[in-house]
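All values below come from the heavy atoms of this structure, side chains included, with hydrogens, waters and symmetry mates left out.
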Amino acid sequence: MNKVFSQGRMAAIIVIAVLIIDQIIKIWVKTSMFLHQNYKITDWFYIYFTENNGMAFGLEIFAKLFLTIFRIVAVILITWYIARLVRQTEKVKNGYIACLSLVLAGAIGNIIDCVFYGEIFSESTRTQIASFVPLGDGYSDWLHGKVVDMFYFPIIDTYWPDWMPFVGGEHFIFFSPIFNFADAAISCGIIALLIFYSGYLNSLSHTEKK
C-alpha cells in the first residue's frame, strides 16, 4: 500500500466514516422521534427509537460511570494497538486493520452518547421530542448520557405452539435486540476477526512471544 493510502490513513477513514454515519442517524432519530416511536420499513425491519441506560446488574450511578470509563479505557488501548501495528516495519494485513478500526469506531460512537448527550440534549419521552439545549442544560450529567438505539429486526414474530412445555402460547421474537450503527460496526468487526483472522491472531501472538 502506497504512502497516499497507508494503513494509518485507511484506519482513520474507516473510523471517521463510521462516526459520521452513526452520529447523523442518532441525531436525526433523537430530534425527530418520540421515545419508543417506530417506523415500519418492512415486516422484519423497523426504525424503533429507544435509549440504553448502560446499566449493569441493576446498579445505578456507579455502574453507569464505571461502564463509560471502561469504554474510554478500551478505546485508548485499541487506538494504541492500531497505531503500533501501522507503525511497525512488517505490516499486518489490511483487513485485520479494517476490522480493528470498525470495533474502535463503534466504541467511540457509543462513548460520544454517554459522555455528551446528557449535556447537550433535552430528555426524550413518549410525549416530547428532544432538542439541542445550551451546554449544561441537558437531561443528565457528563458521562451519564444514554445511548441512542434504533434498528430493530424482528425477523420472526410469532407464538410458541400451545403443546410445547413451559413456553407454550408465549410470544416469541427471533432477534429482538434494538441496536445502532456503532453496535453494528463493533459486531461486524468482531465477527470478521473471528471468521477470517482467528488463525492470523494466533500467528501474531506467537510472533510477539518470540
Side-chain angles (χ1 to χ4, degrees), residues 18 21-22 25-26 28-30 32-75 78 99-100 102-114 117-118 121 123-130 139-140 143-199 201-202:
V18 170
I21 295 171
D22 178 61
I25 295 172
K26 287 175 177 175
W28 176 81
V29 168
K30 182 81 174 166
S32 303
M33 299 176 67
F34 297 102
L35 187 65
H36 296 160
Q37 181 182 356
N38 68 84
Y39 294 117
K40 181 179 179 180
I41 309 301
T42 69
D43 288 338
W44 49 266
F45 174 37
Y46 291 75
I47 301 297
Y48 188 113
F49 173 32
T50 186
E51 291 183 311
N52 174 13
N53 287 319
M55 300 301 180
F57 306 111
L59 302 177
E60 296 186 1
I61 294 177
F62 173 77
K64 175 65 179 179
L65 182 60
F66 175 81
L67 181 59
T68 302
I69 293 174
F70 175 80
R71 285 171 172 164
I72 293 173
V73 172
V75 161
I78 296 172
C99 292
L100 291 175
L102 285 173
V103 175
L104 175 62
I108 295 174
N110 285 333
I111 285 175
I112 291 173
D113 298 27
C114 294
Y117 276 25
F121 283 113
E123 186 174 8
S124 296
T125 69
R126 292 178 181 270
T127 58
Q128 172 182 289
I129 295 177
Y139 65 84
S140 188
L143 303 177
H144 290 83
K146 299 175 183 178
V147 177
V148 176
D149 294 323
M150 75 294 295
F151 296 132
Y152 178 43
F153 290 87
I155 298 173
I156 299 175
D157 189 348
T158 185
Y159 290 86
W160 290 105
D162 292 333
W163 53 264
M164 292 191 68
F166 306 113
V167 296
E170 292 186 6
H171 191 205
F172 169 72
I173 299 177
F174 175 74
F175 202 74
S176 59
I178 302 173
F179 58 97
N180 56 46
F181 192 78
D183 296 328
I186 293 172
S187 298
C188 290
I190 291 175
I191 291 171
L193 282 172
L194 294 175
I195 293 176
F196 301 109
Y197 296 102
S198 56
L201 284 168
N202 289 333

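A distance of 4.0 Å separates CD1 in Ile108 from CG in Leu104, rounded to the nearest 0.5 Å. Taking CD from Glu170 and CG from Asp162, the interatomic distance works out to 10.5 Å, rounded to the nearest 0.5 Å.
A search for side chain to side chain contact (heavy atoms under 4.5 Å, CB included) contacts involving Ile191 returns Ile195, not counting sequence neighbours. With sequence neighbours excluded, the residues that form a side chain to side chain contact (heavy atoms under 4.5 Å, CB included) with Ala192 are Cys99, Phe196. In this view, Asp157 and His171 satisfy the side chain to side chain donor-acceptor pair (under 3.5 Å) rule, not counting sequence neighbours. By the ring-ring contact (aromatic ring centres under 6.0 Å, His included) test, Trp160 is found to be paired with Phe172, residues two or more places apart in sequence or in another chain being considered. Phe49 is linked by a ring-ring contact (aromatic ring centres under 6.0 Å, His included) to nothing, counting only residues two or more places apart in sequence or in another chain. Under the salt bridge (charged side-chain N to carboxylate O under 4.0 Å, His left out) criterion, Asp43 pairs with Lys40, sequence neighbours left out. Residues satisfying the side chain to side chain contact (heavy atoms under 4.5 Å, CB included) criterion with Pro161, sequence neighbours excluded, are Trp163, Met164. Tyr39 pairs by the ring-ring contact (aromatic ring centres under 6.0 Å, His included) definition with nothing, not counting sequence neighbours. Listed by chain and number, the residues in a salt bridge (charged side-chain N to carboxylate O under 4.0 Å, His left out) with Lys26 are Asp22, Asp113 (sequence neighbours excluded). For Glu123, the side chain to side chain contact (heavy atoms under 4.5 Å, CB included) partners two or more places apart in sequence, or in a different chain, are Thr125, Gln128, Tyr139, Lys146. Here Phe70 pairs with nothing under the ring-ring contact (aromatic ring centres under 6.0 Å, His included) rule; sequence neighbours left out.
The shortest heavy-atom contact between Asn38 and Tyr46 is OD1-CD2, 3.6 Å. Of all heavy-atom pairs spanning Ser124 and Leu35, the tightest one is O-CD2, 3.7 Å.
Between Phe151 and Phe153, the ring planes lie tilted relative to each other; the angle falls in the 30° to 60° range.
Contact of the Thr50 side chain with the His36 side chain is registered, since non-hydrogen atoms from C-beta on lie closer than 4.5 Å. A 4.5 Å side-chain heavy-atom check between Val147 and Cys114 finds at least one atom pair inside the cut-off.
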Show which side-chain atoms of residues 173-189 pair as donor or acceptor with protein atoms under 3.5 Å away, not counting sequence neighbours.
| from | atom 1 | to | atom 2 | distance (Å) |
| --- | --- | --- | --- | --- |
| Asn180 | OD1 | Ala182 | N | 3.0 |
| Asn180 | OD1 | Asp183 | N | 2.7 |
| Asn180 | ND2 | Asn110 | OD1 | 3.1 |
| Asn180 | ND2 | Val148 | O | 3.0 |
| Asn180 | ND2 | Asp149 | OD1 | 2.9 |
| Asn180 | ND2 | Asp183 | OD2 | 3.4 |
| Asp183 | OD1 | Asn110 | ND2 | 2.9 |
| Asp183 | OD2 | Asn180 | N | 3.1 |
| Ser187 | OG | Asp183 | O | 3.0 |

